[in-house]
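Positions are given from 1, in the same order as the sequence printed here. Basis for what follows: all heavy atoms, side chains included, without hydrogens, waters or symmetry-related copies.
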Amino acid sequence: MLNKITSIVIALIGLAMLYMGAKLLLVGGSPFYAVMAVGLIATAVTLYLNKRIALSLYAVLMWIVLAWIIYEVGFDKWQWIPRGDLIGVIGLWLAMPWVVRPLFRANGEGERRFHPFLGGTVAVMIALVIGLCFYDPYPQEGTITTARNASSADVAENNWTAYGGTTNGLRFSKLNQINKDNASDLEVAWTYHTGDLRDSKDATEYTFEATPLKVNNALYFCTPHNEVHALDPQTGALKWKYVPEKDRSYLQQHQTCRGVSYYDGSAAAQNSSAAQPAATNAAPAACTRRIFNATTDAKLIALDADTGKPCADFGTNGIVDLHDNMGTVRPHALMQTAAPLVAGKLVILGGSVMDNGYNSGNPSGVIRAFDAETGRLVWNFDPANPENTQPIAAGQTFPQDTPVAWATLSADLKNGLVYVPFGNASPDEVGTQRDPQSNTEKFRDTLVALDLNTGAFKWRFQSSKHDLWDRDNPSQPSLLDIDYQGKKQPVVILPTKTGNLFVLNRLTGEPVYPINQQKVSTEGGITGENFSPTQPVSALNFIPDPLSEKAMWGITPFDQMACRIDFKSLRYDGNPWTPATEGGSIVFPGNIGVFNWGSVAIDPERQILIASPVRLAYKYNLIKRTPQTEEERLFTKENSPYWNENFQGTYAIHIQQLSSDLGIPCIAPPWGRMVGVDLTTGKTEWMRRVGTTKNLNTTFLPGRFPIGFPMGMVAHGGPLVTAGDVVFHGATADNFFRAYDINTGKLLWQTELPAGGQATPATYLGSDNKQYVVIAAGGHGSLGTKGGDAVVAYRLK
């Protein structure tokens, strides 16, 4: 009876596989699943008839499947899972005595509990799987051997004074008390809870992504609701906090604050009063030292760094309203998510707008520089009018629908330059109404160098042409000098969503690493679209290898077949610039990008770059609007966010991850990697997977996944490197914080955070002469990591 039930189950599995295998065949996919289905059905029929040959048939099928697996994916154990897991489980069951014994009895062969062919086959398969547990073909082993030499770069030392450590955005510290030899001895020094937690009225993308500053003997950071907290750096005790009125709204696209900025006016004050005698026992001036916070409701706030009170002499009672001169702004359409740049006596910032909310009337992407002490507008760089940087008149309005720079800017204080990573302008994926000759188009996805003091244009470099994929420049540029091919040059390094790392001379904008123009398709998109025939590709890039049907993944043959059917049904040109279509296209990498706001970290003394590139594919579907539907929601529900609806436009754009119905990415892991690059040669010396499956919020199992399989998970947040040859990195979707050897990528230490660590860490020296490493752990709403409100600091035992 048991074998009858077993045969029926195998038959049902075989029929289901035959159905899906036939669908795959009809779209031009692999015939192998149909072949596998026939083998299952033949096994089921002979087993139902009590024929011992069923076991031999199945053993043959297992060997055929094994040969096919090796042919398609070699010995990558993670890619064996969807191809072999179900077949292996069935084989193990069929090899059990309770299946074998009745078959031998029915064939008059006595009491035999073992089938040599099938049993031996299963034993070999088990041995292979066990062996694969100790083998991973993906990591690239290597060692970086560059020597540590003096660098002219302005780098963080005892303090962490700016979002990227200093204004050059390297995310590097000269501290080496914690090093690769003792990092395993790290322990929690203190944990602080902000109390600022998401509730049901808040945005879905509620994220605690802040990088704390350590300066003025305090630790400063902001929360998703733009609270500013100041802590004792050694104990985590609260010194003060500033709590603005909370505007909780599901329409807020990004409810986040990635960092605050610090200004010290004491040096300027001393210079201006040098000829005057100092007053005896004079009280310190109010707001000499300031914390600047740019908020999600578009305000620039100046706080006294010592007390947390608004600086009354800045703007209006400590606030500059960034809606000024912007014209009519729809609710939540203008926001700030990045730390403003403090350079000299200026506070400089761009802004962020709602992606694809409306076809027109989106806020300007103007770059504005304000006097750090008064809040007076000093200069503005408007992409629509790049020649006119004089402050706009009070009654005038910046032109709308221009490219925005939502990432933190960088500054070369020695040469008086500020670097602006412009992204796209909304709508991001539809360009039928763009003027190719306009200034707006010329500054789309463009790194721009401006005069720090006047905003005057110096040079520009376009990282993506006629962007139709949301390929913003999302990262803070990094500034340093490198000895590339024996020649020392001042460079700026720009990470992009496409996966390029453009290395340019930061004084001229000329490429230092070679850049090729790759030909791409200009056919088959929507009518009226003007595709660029080429796209730039840097010699240093982490553009993922093109997808193929074999690259589709899953945890069973069925979701893998569904992914294969999707792959064969959607348009994909084999490169990152596949046009979006009404029928659906695969865009790889997608709009989350290979690199995002986490940027890269660089040791300028050894000229080593550390990055954590992401591999995820997305489906883009254009949905045509008509005069009757120009204001209707075409794919979002009422009382939910409506970005990408592109109201009043020709098309809405529906973007979703290319994944199975189980929520598993359709492309095989790793989805997250870490790489070490020798900048003197441009060679990637090592590469590894980062992150595990532990704590994943799964749709196919209740709760969070309990086992940490080291597949390589998405990382949203950046690395930190130190002169101790250590890379610190949180960001992965498993809530872990880790330390790696910068030379080899070897894991040195890891600890589980109380929530998702989608943030970039910082490090500093406390007054107790101990080095601390600190990270925000509050989770990421869109990634589904565990939410929280913790800031955790670590030091050596």
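Under the 3.5 Å distance criterion, the side-chain polar atoms of T760 are matched with a main-chain donor or acceptor of G718.
Annotation: Y794 is not in aromatic contact with Y772 [ring centroid separation under 6.0 Å not met]. For W406 and H254, the ring centers are positioned 6.0 Å apart or more. Centroid-to-centroid, the aromatic rings of F75 and Y135 stay 6.0 Å apart or farther.
By the 30° and 60° cut-offs, the orientation of the rings of F422 relative to F381 is tilted. Classified by interplanar angle (parallel below 30°, tilted 30° to 60°, perpendicular above 60°), the ring pair Y740/H729 is tilted. Classified by interplanar angle (parallel below 30°, tilted 30° to 60°, perpendicular above 60°), the ring pair W459/Y419 is tilted.
Shown here are the salt bridge (Lys or Arg N to Asp or Glu O under 4.0 Å) partners of E549, two or more places apart in sequence or in another chain: R564.
When only modelled atom types and interatomic distance are considered, S464 and D467 share no side-chain donor-acceptor pair under 3.5 Å. Inspection of the Q771 and T763 side chains reveals an N or O donor paired with an N or O acceptor under 3.5 Å. Side-chain contact of R571 with S521: a donor-acceptor pair under 3.5 Å is present, judged by distance alone. Using modelled atom types and a 3.5 Å distance limit, the side chains of S463 and D445 yield no donor-acceptor pair.
Residues T402 and E441 are not in side-chain contact: their nearest non-hydrogen atoms beyond the backbone lie 4.5 Å or more apart.
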